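Bear in mind that the values here come from a model prediction, so they are computed numbers and not experimental data.
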There are 2 protein chains.
Amino acid sequence: MKFNIKDVARKAGVSISTVSRVVNDSKAVRPKTKEKVLKAIEELGYKPNAIARSLKIKNTKTIGIMIPDISNQFFPEVVRGVEDVANMYEYNIFLCNTDMDKEKEIQYFNVLEEKQVDGMIFMGNIIPEELEKKFQACDIPIVLIGTDYGDLPSVTINNGQASKDVVNYLIKKGHERIAIITGKAYDPIVGITRREGYVEALEKAGIVYSEELVVEGGYRFKSGYEGAKKLLSLNNPPTAIFVASDEMAIGAMRAALEKGITIPDELAIVGFDNIDMAGKVYPSLSTVAQPMYEMGAIGMRVLTKILNDETLENRKVVLNYSFVERESS
Amino acid sequence: MKFNIKDVARKAGVSISTVSRVVNDSKAVRPKTKEKVLKAIEELGYKPNAIARSLKIKNTKTIGIMIPDISNQFFPEVVRGVEDVANMYEYNIFLCNTDMDKEKEIQYFNVLEEKQVDGMIFMGNIIPEELEKKFQACDIPIVLIGTDYGDLPSVTINNGQASKDVVNYLIKKGHERIAIITGKAYDPIVGITRREGYVEALEKAGIVYSEELVVEGGYRFKSGYEGAKKLLSLNNPPTAIFVASDEMAIGAMRAALEKGITIPDELAIVGFDNIDMAGKVYPSLSTVAQPMYEMGAIGMRVLTKILNDETLENRKVVLNYSFVERESS
DNA sequence: TTGTATGCGTTATCAC
DNA sequence: GTGATAACGCATACAA
């Protein structure tokens, strides 16, 4: 049995306005009346209908989050960050897996808009033009995490600098033949920025950049595995590989281990992200630690600020990363 | 600028009912009229307000999913399964992290109910009594994944049998000193059922059950690591450890590896779940494969069946698991 | 085939 | 302090 505000009003012998007032304790209600109402609510097990409420007050206390794939190690941590602060501010989150597929992104965007989410969080390194237009056109606040685009609010780290740091570290360790396994070539972050950092660092160190040491990966374990296999079968194989994501790095380690190559003595490997498993595999993986949870938490915090009309001192949050040296390098 | 059904009605020179009809293409509308309406919709960029719609038709096309923690390796995969079929049936999902905390579970339950979700999916091995009462009292269909309780619909695997299989496998491999690292003692699945399977298999094989070979774990890496350390420092250490979750198993492997113990020659390790990383660590982990994605997908499918009043031939779905033999055993 | 009118469960504005 | 009542944006029964 489901009761509505009318039912409790009748039961308490008051008007629905009074019930509404005690439910939201908006305006003063005589204690005695309040008590009556509370009792009626209790007895009926009344729960306000948030949908009706939303229709009236024009917000839903829900936000949508679009990520490529929750089953990809990187995202659960940031989603957790998002959800934790969302929960603090009494928002619920719609989780949407886009697979970085343009059609799905647009479809999700549309239903999120129809469902009147108060805000959206978007992850997915590349933002298709069509989607970007929608972002601009709609009046729902959107914050980007892990990417940056136009004047949309975003929270990121300095990917280029982080890559340089890794390569410099490797150089300092005495490596000269340093390979890289990147993301997709068209990916502005994992495919481009991180590779650029790598190239720049090499150049600055006066190491000639060699095409054969750059291989394009596909984010997952397998592509790291295969990329490393390819690199290790070169006539003059690298002594170090910088892998642009941890999952691929773990694949690369696997390839080396299978070949009987010892890590880090014969081959150093450094990843990127610091997913949970990076510290748990054996040997443990040196990597660039992205503050994933914080990225999510802060991204959501930024969103709440926008939603509350608080002043945003900084629309472009750039978080600190750190290099975590472990056994693999 | 946001337009509503009235705006497009005015613009198209028809009534709102006609607009509604073409939007939902419910009843026949003269092609010419339809065209006019469509044009107006197009020009205004009209999007129906799903909240208003929900209020009227009394469903929201959204479901809630409560899980302990999305950043725990096991859940992303099942959530992905849920979301994929939810998406197929045009549902959106509210993601809720409960940390298996009773208060959070109840709080989430309440807001999900207020937000009028059409259904709920619950994970979390133990169902507090208070929550269970709410499950019974409410008229929102709920399906359990990974747990079973009362007459609620559920999708699980046979945990007891799986445990027996593991232990029998280990025995067949020649092991006699077989240890187990379980979940929390009060956890009906990981703490109790899986341990019971272990005990039964030992008994049936005529191996005396030894208290010191049973240690209670806490699901995460660290507790597996510490549990194994404890076991390996026994005067008469085990030659095989059955670890009731993969993440703990990877921790256990780490402990062994650090001690210079070779796996599987000196120590066999078998996990449970077959999380993504199980096949990626080195040495790779033998484990019981729970069909996580399917559990999610089928759970959601069951829910849609209930929501569509399709007949449920089976309220208690028990899925097949499989034993995956890898390098660690 | 189309339009009018009512109600979904709230909140909020106005009287009292 | 409290109670009518008008929105909120839509779907639908009924009338035309």
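- For a distance-only test at 3.5 Å, the side chain of A:Ser17 qualifies as a donor-acceptor partner of the base of D:dA4.
- Here C:dT10 presents its C1' atom at 11 Å from CD of B:Gln116, a figure rounded to the nearest Å.
- As a whole-Å value, the separation of A:Asn24 CG from C:dT11 P is 4 Å.
- With respect to the salt-bridge test (charged N to carboxylate O, under 4.0 angstrom), the residues A:Glu43 and A:Lys39 qualify.
- The phosphate of D:dA11 (OP1 or OP2) has a side-chain N or O of B:Arg53 nearer than 4.0 angstrom.
- In summary, B:Glu310 and B:Arg301 engage in a salt bridge, as defined by a charged side-chain N under 4.0 Å from a carboxylate O.
- No contact: B:Val23 has no heavy atom under 4.0 Å from any strand.
- Distance, B:Leu44 CG to D:dG9 P: 14 Å, rounded to whole Å.
- In terms of phosphate contacts, B:Lys58 brings a side-chain nitrogen or oxygen within less than 4.0 Å of OP1 or OP2 of C:dG9.
- The side chain of A:Leu55 lies closest to D:dC8 when the candidates are D:dC8, C:dT2, D:dT2.
- For the residue pair A:Asn125 and A:Lys184, no side-chain donor N or O sits within less than 3.5 Å of a side-chain acceptor on the partner.
- Residue B:Thr18 places at least one side-chain N or O closer than 4.0 Å to OP1 or OP2 of C:dG3.
- Ring to ring, B:Phe74 and B:Tyr219 are not that close: their centroids are 6.0 angstrom or more apart.
- Regarding A:Ile57, its CD1 atom lies at a distance of 7 Å from the P atom of C:dT11, rounded to whole Å.
- In this structure, B:Ile41 atom CD1 and D:dC10 atom C1' are separated by 13 Å, rounded to whole Å.
- For the pair B:Lys47 and A:Arg21, nearest-nucleotide mapping onto DNA chain D gives the more 5' position to A:Arg21.
- Of the N and O atoms on the side chains of B:Ser15 and B:Ser17, at least one donor lies less than 3.5 Å from an acceptor on the other residue.
- Among the protein residues, B:Val19 comes within range of no part of the nucleic acid, since none of its heavy atoms lies under 4.0 Å from any strand.
- Counting non-hydrogen atoms under 4.0 angstrom, A:Ile51 reaches nothing in the nucleic acid.
- Here the side chain of A:Asn87 pairs no donor or acceptor atom with the backbone of A:Glu90 at under 3.5 angstrom.
- Checking the phosphate oxygens (OP1, OP2) of D:dC8, no side-chain nitrogen or oxygen of B:Asn4 falls inside 4.0 Å.
- If you check every strand for non-hydrogen atoms under 4.0 Å, A:Tyr46 touches sugar and phosphate atoms only.
- Distances shown here put every side-chain N or O of B:Ser15 at or beyond 4.0 Å from the OP1 or OP2 atom of C:dT2.
- Side chain A:Lys56 to base C:dA12: no donor-acceptor pair is found below 3.5 Å.
- When the P atom of D:dG1 is taken as reference, atom CG of A:Asp25 falls 14 Å away, rounded to whole Å.
- Checked by distance alone, A:Thr33 brings no side-chain donor or acceptor within 3.5 Å of a matching partner on the base of D:dT2.
- In this structure, the CG atom of A:Asn59 is 10 Å from the P atom of C:dA12, given to the nearest Å.
- If you take CD1 of B:Ile16 and P of C:dG7, they are 15 Å apart, rounded to a whole angstrom.
- Ranking C:dT2, D:dA11, D:dG3 by closeness to the B:Ile5 side chain, first place goes to D:dA11.
- Residue B:Asn49 places none of its side-chain N or O atoms closer than 4.0 Å to OP1 or OP2 of D:dG9.
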